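Following: one structure in structure tokens, then a few remarks.
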Amino acid sequence: MKFKNIILAALVTFATVSCTDNFDELEKDPVALSANPAGQLSFTQLCMSGDGYYQWRANLIYSGGFVQHYAGAWNVTEFGSKFKKNDDYATAIWRNGYANELKSIVDVIEKTSGKADMVNMNAVAKIMRVMIAQRITDLYGDCPYSEAGQGFSKGIVTPKYDKQEDIYNQFFAELEEAFVQLNAGGGDIKGDLFYNGDVSKWKKLANTIRLRLAMRISEVKPAEAEKQAKAAFQNGVFESNLDNCIMKHLDYPFNDTPGALDFRGNGLSYALIGNENGDHFSTVMINFLKNNGDPRLTMLATPKTGGEAGGTPVPGEDLYIGNTPGLFQWEMKGGSNAISGIQPYLKLRTTPFLHVSYSESQLLLAEAAFRGWVTGSAADYYKKGVEAGIRQLEIYGAAPATPAAINTYLTAKPLVAGSEKEQIATQLWVTYLFNSIEAYSNWRRTGFPKLLPITNPDSETNGVTPTRLYYPNDEMQKNGANYTEALSRMGGTNDWLNKVWWDVN
């Protein structure tokens, strides 16, 4: 399969020997790929969901624990639910995001710039740079962007920390530039594991990300948010689940040992496997799905196998029980067998990873329409977004919900006047399941859904959910002047209770 061969080609370190675009040959020697744009694009795309190191720490433990997607496993509960600091967890995506992803994609941009046969490759790399940096800045705040990844090409080893507002302005400009730049005559998009070189889908991805970012700044800079949301909408966002930005993974274990990098498997699945089935969906998630008759309940969760008093469940016991945030699985009444599990197909190394979805785009348009920023009915966008969110679970191997079940749910739970923002944000929280980093950002922006208070006496924040991740402490030694300047703009201390620029909730 060409797809498999391309993925094998992306198992690289970029100090290796030969240079080739013949991916079929690379199956014979998958690590022998030098730093060419196609290989680097594949590598970067794989890293974004195949990096088990930060998927485990930034996505599952901290973001997934903070927004109460998950609970029960030791590390998710101890650190993600009780809000305890762990430098390794807090800095994982900063270290690997810059070292592996941003450095590689900046190199692609520089190598393809000004080349007529690589116009589309250059545009895609710009979109990828925004995708990578968006996660970093939304988690940390001010950070290197305009000078990041240029240590080799320009000798910039102490890049400045750009203000987050300035970074967002660059994001919008680059997405517009990439959208205009993409064209049928702009050359092949080689090494593309997301869309196999489909220019039209990349154009829609650029606009859908632009819509996401527009809504992200809706509370701090509404006029600019409206401008950017309108532009994204007019240029054309996702039109169906067929446009979803999905990374398909292979059955390979994660390896981030220098010289043997392997990101072909799903990094989040690696984390779930590594937690030895200790992860469960939280009571907040399970109760929302269950109490609203949501078809996704059985698509996501398995019924419990044990009763509250031991043995098997007795007649009348609820079979779908979540894990209370702040409690370890063994502290739940009846123990771990008395709470629901996660469907096995969601925890395979071959499980796809969903980066950006049609469901997300429609729910964001519902909010934009509610605000009067785009044409169309907020209720209609909402309905489409929820339905797409149910149907997108099929990519993981879930049995499709019946049309009757979907229609019953949509009819019973329409968008209700007076609660639009809460309903839309809560549905986004469900849609972002498995991409908890995005859920964490949207929760900070909106304040929804309403999460369970954390009352554990050993919480390091007295139950206050952190509002950012903190910078690596060695930045003081490596990039001291720029680090100190950034901190002066962000509360003066490297604290995770300070807020990023757009978080004014």
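On a predicted model such as this, the values are computed, not experimentally measured, just so you know. Residue numbers count from 1 along this sequence.
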Discussion item. Suppose we screen for salt bridge (charged side-chain N to carboxylate O under 4.0 Å, His left out). Which residues come up paired with K203, at least two apart in sequence or across chains?
Written reply: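 If we apply the salt bridge (charged side-chain N to carboxylate O under 4.0 Å, His left out) test to K203, skipping adjacent residues, there are no hits.
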Item to complete: Would you sort out whether V108 and N122 count as a side-chain contact (heavy atoms from CB on, under 4.5 Å), showing the intermediate values?
Response: CA-CA 7 Å; V108 175; N122 182 261; over 6 Å; no
Would you say that more than 12 heavy atoms from the other residues, nucleotides or ligands in this model lie under 6.0 Å from the [atom1] of [X], or not?
X    : atom1 : result
E276 : CD    : no
F152 : CZ    : no
K163 : NZ    : no
K347 : NZ    : yes

So how far is it from [X] [atom1] to [Y] [atom2], rounded to the nearest 0.5 Å?
X    : Y    : atom1 : atom2 : answer
L268 : L272 : CG    : CG    : 4.5 Å
L346 : D279 : CG    : CG    : 12.0 Å
S436 : I61  : OG    : CD1   : 11.5 Å
E147 : N482 : CD    : CG    : 7.5 Å
Y53  : R95  : OH    : CZ    : 7.0 Å
F172 : I167 : CZ    : CD1   : 12.5 Å

Worksheet item: Quick check, are the ring centers of F171 and Y145 under 6.0 angstrom apart?
Response: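 So the answer is yes for these two rings.
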Discussion item. Please check this pair: side chain of S282 against backbone of Q68, looking for a donor-acceptor N/O pair closer than 3.5 Å.
Written reply: yes
Discussion item. Determine whether a donor-acceptor pair (N or O, by modelled atom type, separation under 3.5 Å) exists between the side chain of T302 and the backbone of S340.
Written reply: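 Such a contact is absent between T302 side chain and S340 backbone.
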Worksheet entry | Donor + acceptor pair across side chains of Q150, K103 (<3.5 Å) |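 There is no such pair (donor and acceptor under 3.5 Å, judged by atom type) between the side chains of Q150 and K103.
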Worksheet item: Taking atom types as modelled and ignoring hydrogens, do the side chains of N96 and E101 form a donor-acceptor contact shorter than 3.5 angstrom?
Response: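 No, no side-chain donor-acceptor contact under 3.5 Å.
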Worksheet item: Do F328 and N323 come within less than 4.5 Å of each other through their side chains, counting heavy atoms only?
Response: no
Discussion item. Between N473 and D87, is there a side-chain heavy-atom distance shorter than 4.5 Å?
Written reply: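 Yes - at least one pair of side-chain heavy atoms lies under 4.5 Å apart.
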Practice prompt. Output all residues satisfying ring-ring contact (aromatic ring centres under 6.0 Å, His included) with W202, sequence neighbours left out; order by chain, then residue number.
Written response: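 Result, ring-ring contact (aromatic ring centres under 6.0 Å, His included) vs W202: Y195.
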Can you see which heavy atom on [X] is nearest to which on [Y], and at what distance?
X    : Y    : value
Q55  : G267 : CB-C, 3.6 Å
T208 : S361 : CG2-CB, 3.8 Å
I395 : L354 : CD1-CB, 4.5 Å

Discussion item. Students often mix this up, so state it plainly: with edges at 30° and 60°, are the rings of Y471 and Y483 parallel, tilted or perpendicular?
Written reply: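 The rings of Y471 and Y483 stand perpendicular, inter-plane angle above 60°.
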Discussion item. According to salt bridge (Lys or Arg N to Asp or Glu O under 4.0 Å), does anything in residues 431-445 pair up with another residue at least two apart or in another chain? List the pairs.
Written reply: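 Qualifying pairs: R212-E438, R216-E438, E367-R445.
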Worksheet item: Could you walk me through whether E460 and K82 pass the salt bridge (Lys or Arg N to Asp or Glu O under 4.0 Å) check?
Response: CA-CA 7 Å; E460 291 184 357; K82 297 181 182 181; over 6 Å; no
Item to complete: Show the numbers, then the answer: is there a salt bridge (Lys or Arg N to Asp or Glu O under 4.0 Å) between R468 and D495?
Response: CA-CA 8 Å; R468 61 181 286 266; D495 193 88; over 6 Å; no
Worksheet item: Pick from W56, F263, F353: which one makes a ring-ring contact (aromatic ring centres under 6.0 Å, His included) with Y270?
Response: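 Passing option: W56.
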Item to complete: State which residue, out of F79, W496, F83, fulfils the ring-ring contact (aromatic ring centres under 6.0 Å, His included) condition with Y62.
Response: W496
Discussion item. E174 vs R210, test: salt bridge (Lys or Arg N to Asp or Glu O under 4.0 Å). Steps then yes/no.
Written reply: CA-CA 10 Å; E174 289 170 10; R210 189 174 184 178; over 6 Å; no
Discussion item. Quick check on side-chain hydrogen bond (donor to acceptor under 3.5 Å, both in side chains): which of W501, Y168, Y440 does D138 satisfy it with?
Written reply: Y168
Item to complete: Mind running side-chain contact (heavy atoms from CB on, under 4.5 Å) on F281 and Y70 for me, showing each step along the way?
Response: CA-CA 4 Å; F281 296 123; Y70 308 98; 3.9 Å; yes
Discussion item. Go through it in stages, so that I can follow the logic: the residues are S49 and H249, the test is side-chain hydrogen bond (donor to acceptor under 3.5 Å, both in side chains), and I'd like the CA-CA distance, side-chain angles, deciding distance and then a yes or no.
Written reply: CA-CA 9 Å; S49 54; H249 284 283; 2.8 Å; yes
